[in-house]
Every structure is written in C-alpha cells, then in structure tokens.
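Take a look at the structure set out below.
Please read all numbers here as calculations on a predicted model, not as lab measurements. Chain naming here is simple, since letters A, B, ... match the order of the sequence lines and numbering starts at 1 in each.
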Number of protein chains: 2
Amino acid sequence: MTTEYSAGGDPTRSLELLWGVRERPKRGPRPKLTAPRIAEAAIEVADAEGLAALSMRRVAERLGVSPMSLYTYVPGKAELLDLMLDTVQGEAPLLDELPGGWRARAERWARESLASYQRHPWVLQVATSRPPMGPNELTWSESALRALAETGLPDREMVAVVSSLDNYVKGAARAAVDAALAERRTGMSDEQHYRAREPLLARLITPDRFPTMNRLHYAGVFDAPVDDFEFGLQRLLDGIEHFIARHRDDTGGG
Amino acid sequence: MTTEYSAGGDPTRSLELLWGVRERPKRGPRPKLTAPRIAEAAIEVADAEGLAALSMRRVAERLGVSPMSLYTYVPGKAELLDLMLDTVQGEAPLLDELPGGWRARAERWARESLASYQRHPWVLQVATSRPPMGPNELTWSESALRALAETGLPDREMVAVVSSLDNYVKGAARAAVDAALAERRTGMSDEQHYRAREPLLARLITPDRFPTMNRLHYAGVFDAPVDDFEFGLQRLLDGIEHFIARHRDDTGGG
DNA sequence: CCTTATTCTGTACGACGTACGGAGTTAGCC
DNA sequence: GGCTAACTCCGTACGTCGTACAGAATAAGG
C-alpha cells in the first residue's frame, strides 16, 4: 500500500529517458535490458497485480535480473512510472487520424481512452505532478490540436477544449475504473460488497434524514444506473458544440 | 512514496467508524483519543506534508502517542483514510442550501469543491475503490439530488447529472492541484521546471514533427492559458441545461 | 595486456504497516 | 476492599519497500 509519484529528479535525465536519446555505450558488457523493456515488464506487473504490488524487486524478478540492476537503465521508480505513463499514452488513438468531424473523433477517442484506462487502471492513480512530456503525450496533443482547427476557435479556446475533454474523461474513467479495482483488491463483487453493508446502512440511511436517497434506492435507480460516462460525455460535447456555434456567429458566420 | 487505498476490511466495522455509532465503553482506562481526533491530525499531516508523508507513526507523533495505540481507535490506515475523506467531504457546501437555481448552485459548489481540493490535494490521490458511504458523503448526495428536483428530470438522469458534474470537477481539480503538489514536492516553481527542460525540449519538439505545438508555444498560448477549470465547467453546464430544456419540450413543456 | 567505461549484484539502512503479547487502568461485583 | 473482566496503551519484531554503496565481472580502445 504505497502513493506513487512521477519523476521529480534530474530533468534532462528523465526527458532523455522518455525520448530514448541516449546512444548505446561502446565499452562494457552487453546490456541485457533496455528502459522500454523494463517499462513493459512494469506495466505487466501493474496491470496484473495493481500499483501497490509494483515494486522494483517485483519487476526485476519478472525480468530474471537482480533488483539493483534496473538502476542501470532507470534513475528510480518515479522515472520508471513516467516511462510507463507515456507508453500507455501511446495506446490512445490520435484525433486527426480518426474518421469524421471533431465531435465524432472526440467521442471515439474518449471511449478508447476509457478502454485503455480499464486495461491499465493504475494509470489514474499515479500523481502526474507535472506532465512528463514524453513523445506519445506530445504527439497526441499535437494531433488533438490539429483536429480542432476545423472548429475555427482561437488558439486559447482550442487548448481549453482539449483540456476539458481530457479532464472529464480522466475523472469519469476513474470513477468507472475504481470499482473494478476494488473488486480485484478485495475479492468481493459489487453486489457482495453492498449486501454486506446493507443491514447497517438500512439503519443509518433513515427516510427522515435521507428521503430522496431512500426513494431512489427503493425505485432501483442505483441498481441499473444510466451509463454515467457516456451521459456526461454527451453533455460536455453538446456544450462545446454550442460554444463553437456561438463563436462562429459572433465572428460573422462561416 | 506509497499508493494509498481506502478501506477493504470488515465492512460493518468501517461503517460504524464513519458514522460514529460505537458507544463509549464502560470499563478500562479513560481513552486519550477518538477516531475523529485522529482523522483530524492525519488530515493536518497530509495537508502539510503530503500523502507520502502520512504514516501511522507520523500521526501518532503529532498526537503525542505511540504508533500502536492508534489501532485501538482505527482498524488500520485504510479505514483512517476513509474517515479523512468523509471529514473533508463535509467541507463541500450542500447544493440545496445554496442560493439560486440548479445552475448557480452547481457552479458555486464546483468552485468551492476546487478550493477544498486545493486545501487537501491528497484527497484526489486516494484510490476510493468504492465510495466509503460516510455521513457527509451521503448528506451531500441527498442534498444534490433534492436540489435537482426542480429540473424535472427523471431519477436516473438526475443521478447521471450529479455524477457527471462530480466526475468533471474531480478530473479538472486534479489537473489544477497536481501542479501545486509538484511545486511543493520538488521545491521548484513551474517556471523553473519548464526552464530546466527548455533546452532539451526545444531540440525534441521540432517544428516539422510538432508544428501546431510550436506555433502555440511561440504565440505564448501556454504561458497565459484560459482558466481550464471554469471553461470546461461552463461547457458541461451548458450541455446539461440544453438537455433539461430538451427534456422539458419532449414531455410537453412545463 | 592494461586501462577505462559499463553492467550487474550483494549487502545494508532507514522507512513503512501492523501482528502479538504484555503492562497498566478502570468499573462492576462479591 | 479485593477480584475479575474489559479496556487502553506500548515495545518489540517481521516482512516489505526504495535505493546508496562498494565491488566483481565484462568488453572495447590503447
């Protein structure tokens, strides 16, 4: 049970690592590993066993190598996490390579991002501090901004649109993903979990203090909820669409 | 540097703790502490020194007590985190006690939530797994749903509206808060941070591979960005407003 | 072959959460 | 008052973690 942080060490060292600019050294024994190979193994560990189980020792074990040898390729765990993050970032589709207009592209990206977060739930637990600015992250940003050019928005607003979409997706994905995480961690399904709490909760959530919650509970609203991720996504996109249309009107149609 | 999880232990024990239903024991020495007092101290530690510095030993030290004595009041660190979360949750204003219509209330709540997350940045780092369902959390939900009754939306959609707002605020707040966290953790301002990376980045972010990023960078867009939190909030609220209006029309005006 | 740059490893340190067992403290009962 | 049961508090100890450090093994350049 441990809070992981992304890197805060030597700035150029981390960036070199992310972008893979170090040339292969001439002398010395042939390296068994590479930083990307270590990141790959670490991602496998985190995917399979969770962020709490991700340790340098565990990664080394998976690679058949002593724990300390990892430090030859990676300055520390924080930098390794940055590398893992940027690697996963590479799974998100580039907006301007998707078919359709800006909205169709954004929708598709949002859903595939959710899927990626579901494959790698630990990503949303890592405190990104500052964006590590790896190649995949920047490539995605470049692509997103290019895809939004068609909206005719000014630069600043374009950036804000990208941010708000990203923020929403991260927030909503986290809610969706945390439930799945809990299931694996506790070995208890959602149903088992709530059933275990039901008796006590029923005495705590009294109809006089919590009338609405009670009504909704007995109406079964919490049993078969709307797909919250999709609902909020559509509302946000509606709002952005409206903003674009208004901007177009203000600047004399187009 | 450690991932913290909220509780997954004995369900009724955690709930009892959150709702404070345990009666004061008759025999034995007078207790020096209470669970809420411990949570308060833990919040102070986490606020001042970050989640990574939050340890049972550290909390005990602040309370002038041995580490192990905390376990008399709290089953473990996970349950303590749940208690901390629900305590902070109590800072968010209740929607139906705010002035104005649903939109004004939601706006106000969103901004005060952001402020609360800024005071307690660690909150967004804790993997909530499943909602701990403490009194403050449920009271807030109750209030939010009551405040949305005026929209005339069906129950399920009302819940979805609340979720999407909460998701957006969490996601956007996290982006806003992580920067501040990084500043304290690394002892480096954002400006220092980017300046240290500038030389290498300038060689990596070439105009041919990243034309848009380059253009925006030199146009100073990243130096003075729009308030992303507020921008996305307004777009989401616009979208929700539109959804409400359309629903009203569909069901024969109101 | 010797030097030098690298890779890899074993050991060790100080942190962590917390299991366990025991010492000290109070209230109720005889 | 004395006994016992319930309870609070604490010291010690175990297994985990990230990683500093020092050294051994390995390859290329001179």
Side-chain heavy-atom pair B/R119, B/E91 within 4.5 angstrom cut-off: yes
Close side-chain approach of B/Y117 and B/V169, heavy atoms under 4.5 Å: yes
Those residues that, when tested against B/W19, pass ring pair (Phe, Tyr, Trp, His ring centres under 6.0 Å) (two or more places apart):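 B/W19 satisfies ring pair (Phe, Tyr, Trp, His ring centres under 6.0 Å) with no other residue.
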Tell me: [atom1] of [X] to [atom2] of [N], nearest whole Å?
X: B/L70; N: D/dG11; atom1: CG; atom2: P; value: 13 Å
X: A/L54; N: D/dG18; atom1: CG; atom2: P; value: 7 Å
X: A/K32; N: C/dT6; atom1: NZ; atom2: P; value: 19 Å
X: B/L33; N: D/dC7; atom1: CG; atom2: C1'; value: 14 Å
X: B/E49; N: C/dA15; atom1: CD; atom2: P; value: 14 Å
X: A/Y73; N: C/dT9; atom1: OH; atom2: C1'; value: 13 Å
X: A/K77; N: D/dA20; atom1: NZ; atom2: P; value: 14 Å
X: B/L51; N: C/dA15; atom1: CG; atom2: C1'; value: 16 Å

Letter per nucleotide, 5' to 3', of nucleotides 20-29 of chain C [B base touched, S only sugar-phosphate touched, - untouched; heavy atoms, 4.0 Å]: B---BBBB--
A/R22 CZ: over 12 foreign heavy atoms closer than 6.0 Å: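 It does not: A/R22 CZ has 12 such atoms or fewer within range.
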Throw together a table of side-chain donor-acceptor distances under 3.5 angstrom for residues 40-64 of chain B, partners on residues two or more places apart or in other chains.
from  : atom 1 : to     : atom 2 : distance (Å)
B/E44 : OE1    : B/R62  : NH1    : 2.5
B/D47 : OD1    : B/H120 : ND1    : 2.8
B/D47 : OD1    : B/W122 : NE1    : 2.6
B/D47 : OD2    : B/H120 : ND1    : 2.9
B/E49 : OE1    : B/R58  : NE     : 3.2
B/E49 : OE2    : B/R58  : NE     : 3.4
B/E49 : OE2    : B/R58  : NH2    : 2.7
B/S55 : OG     : B/R58  : N      : 3.0

In terms of side-chain heavy atoms of [X], which of [options] is nearest?
X: B/R57; options: D/dC10, D/dA13, C/dT7; result: D/dA13
X: B/M56; options: C/dT18, C/dT7, C/dA12; result: C/dT18
X: B/Y71; options: C/dG17, D/dT8, C/dT9; result: C/dG17

Distance below 4.0 Å between B/S69 side-chain N/O and D/dC10 OP1 or OP2: yes
Side-chain N or O of B/S55 closer than 4.0 Å to phosphate OP1/OP2 of C/dC16: yes
State which residues pass salt bridge (Lys or Arg N to Asp or Glu O under 4.0 Å) with [X]; sequence neighbours excluded, sorted by chain then number.
X: A/E16; answer: none
X: A/E137; answer: none
X: B/E23; answer: none
X: B/R13; answer: none

Touch class at under 4.0 angstrom, heavy-atom based, for A/T72 against every strand present: base
Residue closer to the 5' end of DNA chain D, B/G64 versus B/P25 (nearest nucleotide):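 Looking at the nearest nucleotide for each, B/P25 comes out on the 5' side.
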Pairwise side-chain hydrogen bond (donor to acceptor under 3.5 Å, both in side chains) hits with a residue in residues 24-35 of chain A, at least two apart: none
Dot-bracket notation for DNA chain C, counting Watson-Crick and G-U pairs under 3.5 Å, with | for partners on another strand: ||||||||||||||||||||||||||||||
